[in-house]
Amino acid sequence: MTDNLLLITNTLMYATPLILAGLGGVISEKSGVVNLALEGIMTIGAFAAAAVAFATGNVWLGFFAAGAAGAMLALLHALSTVTFKADQTISGVALNFVGPGLAIFFSRMFFGAVRSDPVQVRFPRLAAVFPSLADSVFNFSFMFIIAFLLVIAMYIFLYKTKWGLRIIAIGEHPAAADTLGVNVNLTRFLCVIASGVLAGFGGAAFTLSIVSIFAPNVIAGAGFIALAAVIFGKWSPHGLLGACLIFGFFQALAIRLRGYDLPVPLQVITIMPYILTIIILVLFVGKSVAPKAVGIPYKKGAH
Amino acid sequence: MVIRLLRKPVTGSLFAILAAIIVGGVILAAAGHNPIQVYGGLIYGALGRPRFIVNTVIMSTSLILTGLSVTFAYKTGLFNIGVEGQFIVGTVAAVFLGFFLNLPPIIHPIVVMLGAMLVSGTYGAIVGFLKAKFNIHEVLSSIMLNWVALNLLNLYIGVERFQRLPTVAHTIQDSANIIIAHEMKRTPEGIARLRESEFLTEVILRTDFNFGIFIAIAAVLIVKFVLDKTSLGYALKAVGSNRDAAEFAGINVKKHMVLSMFFAGSLAGLAAAVHITGISPNTISMLGGFQNFGFNGIPVALLANASVIPNIFSALLFGGMTYGSGYIQSRHGVATEIIDIMVGLIVFFVALRAVCVLIADKLEKRRSGST
């Protein structure tokens, strides 16, 4: 494989977990619930994927286990923020402690150490089905294909179906949606659970397709980057995809340039996506376009 | 009486701690430990010996200040998740000033602290500026700047002039050190004199007991005074409670957002300076990921209900839990992650403390219904 091909492949590889978790952020925030816990949910998803794939030798079981584990953590977020009207930021911060804490705790019980044993199975690439693609740029990982299809599915769901439009309505003006007979709290509850499943998948992308091992620092801030990509992408699935590809590209670039004799230290390259994000926001985005009711618990009869 | 008690913020915090102890106990029991024994061990590990108490205090010192930083921004309606990055640039500034300046003792650490506060404050003010001027979400810009800070630290250590070892920066000069009896601990005669007293051996010689805790408490009191007794504090809180009303009252909202983030950042910088000057090895090493010295201030502030003085108590609780966890790991074989789970549970139940108020409302309704 040539270096430039590797650059593209790595871009997609690093973008994948961000896209998956970011989609979780999109659906939750569109319905009006901030999900700051993406990081913690990804960590527990990464562990569940590693443990189940290790035990069963089946990546798909690992993948879905990650979704289930993510849903369970998200259930706590849904209960506190939707059912009990708790502060969404505080609940998210809490789960960012609980998620990794539980993941490492279980790792010690299951693997006897904070790091898992290496997971022997990996998500296949397209070449496994179409061998002729082996050396081409189209030899995507199935994990990326899933993420990409989910972006399209999320786009259609949010903007072209009545359920999606209801979710958007709830995020913008819950009282009006309520008047029209939409069950605001039930919808929000389900959106938060869905965000947990997606963020769990995002965690699985790490342990089943990037590093093949669970370690306490495996997520290393990706959940927060995904959250930033949601805002950067203006809370839309396609915007999110673009933002994640930018982050993925710079991560891949930093790895591509490692070992070269650069005129600048490597950290300058590593810093680029973060600075660039801010610059792009300053130059082009301007007014923030968050769903209007995001962060505010909905109480019937209150305004 | 019960109703009024349920409405007090401190009741909510105590409820959160109690609920976390119960749920944490269930988790411990499920993992095959005796919860009572483990909790007992945790308390002993945090407070059981004079040396443990000192280490708990040391662990809590930077937590008080980072918690205070988050609290300060919160008063102006801003969520300072950038406290980690502000702390990191603060450590870089502290190491730089601590090594390259030649100043007499007492003056040197003060200059280091002021310098770190200025650097971290400016770093925090960037977030306030981006929000005020371009309406950029403070959580987004803060997350970006946290990563920038981490890379800046690595960039700094990467420069040959600034490193003692390839991945470690210079250790600060002795004159900048705020460890109590630091000079004595360096000479054989001094050590011999400290050894004469069992107590001093325990709390001075065997720990990094430093002046930081007094600085942290002073900072808490100053912030309390500024917020409650000055017009600046009034304006900052007005911006936090109702932006439009503040604007209408003639307060420059944008300027105060920037100011609030400057002060919040400078408190994180003070935490960093105290950390560098007060805890050996008194330097920084290259980072592969965040060490959470800043982030850990967030749960502290949340448990303190974003009010100023309680930061001290909630920092002591979390600091004690963190330090005590070492003991339960070595003594009872309990994984230290239980502390992260406990911290998370406490914060989670802090989020749920509105339930206390809901119960109070229900009780009140029932009572007024019956009469």
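Order of the sequence lines sets the chain letters (A, B, ...), proteins ahead of strands, with each chain counted from 1.
Not one N or O on the side chain of B:Asp340 forms a donor-acceptor pair closer than 3.5 Å with the backbone of A:Gly101. Of the possible donor and acceptor atoms, none in the side chain of B:Tyr123 sits under 3.5 Å from a partner among the backbone N and O of B:Gly82.
Under a cut-off of 6.0 angstrom, the local environment of OH in B:Tyr74 is sparse, with at most 12 non-hydrogen atoms contributed by other residues, nucleotides or ligands.
With a threshold of 4.5 angstrom between heavy atoms, B:Leu155 approaches chain A through its backbone and through its side chain. In this structure, chain A has heavy atoms under 4.5 Å from both the backbone and the side chain of B:Ile341. Contacts between A:Asp87 and chain B at a heavy-atom distance below 4.5 Å involve backbone atoms as well as side-chain atoms. For a residue to count as touching a neighbouring chain, one of its non-hydrogen atoms must lie under 4.5 Å from one of that chain's; by this rule A:Ser80 touches chain B with backbone and side chain alike. Neither the backbone nor the side chain of A:Val230 comes within less than 4.5 Å of any heavy atom of chain B. Heavy atoms closer than 4.5 Å to chain A are found in both the backbone and the side chain of B:Leu352. A:Ser91 touches chain B through backbone and side chain together, each having a heavy atom under 4.5 Å away. For a residue to count as touching a neighbouring chain, one of its non-hydrogen atoms must lie under 4.5 Å from one of that chain's; by this rule B:Ile339 does not touch chain A. Only the side chain of B:Phe79 comes within contact range of chain A, judged by heavy atoms closer than 4.5 Å.
Side-chain contact, B:Ser260 with B:Thr76: a donor N or O sits under 3.5 Å from an acceptor N or O. Using a 3.5 Å distance cut-off with no hydrogens or angles, the side chains of B:Asn80 and B:Gln86 do pair a donor with an acceptor. Checked by atom type, the side-chain pair B:Asn305/B:Ser13 shows no donor-acceptor distance below 3.5 Å.
Interface summary for chain B: among A:Val268, A:Thr89, A:Thr81, A:Leu95, the most heavy-atom pairs under 4.5 angstrom belong to A:Thr89. If you tally non-hydrogen atom pairs under 4.5 Å between each of A:Leu76, A:Asn217, A:Asn96 and chain B, the highest count goes to A:Leu76. Highest contact tally toward chain A, considering only B:Lys133, B:Glu337, B:Met342, is held by B:Glu337 [criterion: heavy-atom pairs under 4.5 Å]. Per-residue heavy-atom pair counts under 4.5 Å with chain A were compared for B:Asn292, B:Val139, B:Ile298, B:Ile143, and the maximum is reached by B:Ile143. Ranked by heavy-atom pairs shorter than 4.5 Å toward chain A, the options B:Ala31, B:Gly344, B:Gly158 are led by B:Gly344. Annotation: maximal heavy-atom pairing with chain A below 4.5 Å, among B:Leu150, B:Ile81, B:Val347, B:Ile346, occurs at B:Val347. Across A:Phe97, A:Phe224, A:Phe106, A:Phe84, the residue that shares the most heavy-atom pairs under 4.5 angstrom with chain B is A:Phe97.
Under the 6.0 Å cut-off for aromatic ring centres, A:Phe247 and A:Tyr14 do not qualify, their centroids lying 6.0 Å or more apart.
B:Ile338 is listed as a side-chain neighbour of B:Ile27, based on a closest heavy-atom distance under 4.5 Å.
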- prompt: Yes or no on ring pair (Phe, Tyr, Trp, His ring centres under 6.0 Å) for B:Phe290 and B:Phe295, after CA distance, side-chain angles and deciding distance?
  reply: CA-CA 9 Å; B:Phe290 294 116; B:Phe295 284 136; 5.6 Å; yes

message: Between A:Val33 and A:His77, does the side-chain contact (heavy atoms from CB on, under 4.5 Å) criterion hold? Intermediate values first, please.
response: CA-CA 9 Å; A:Val33 182; A:His77 194 55; 4.0 Å; yes

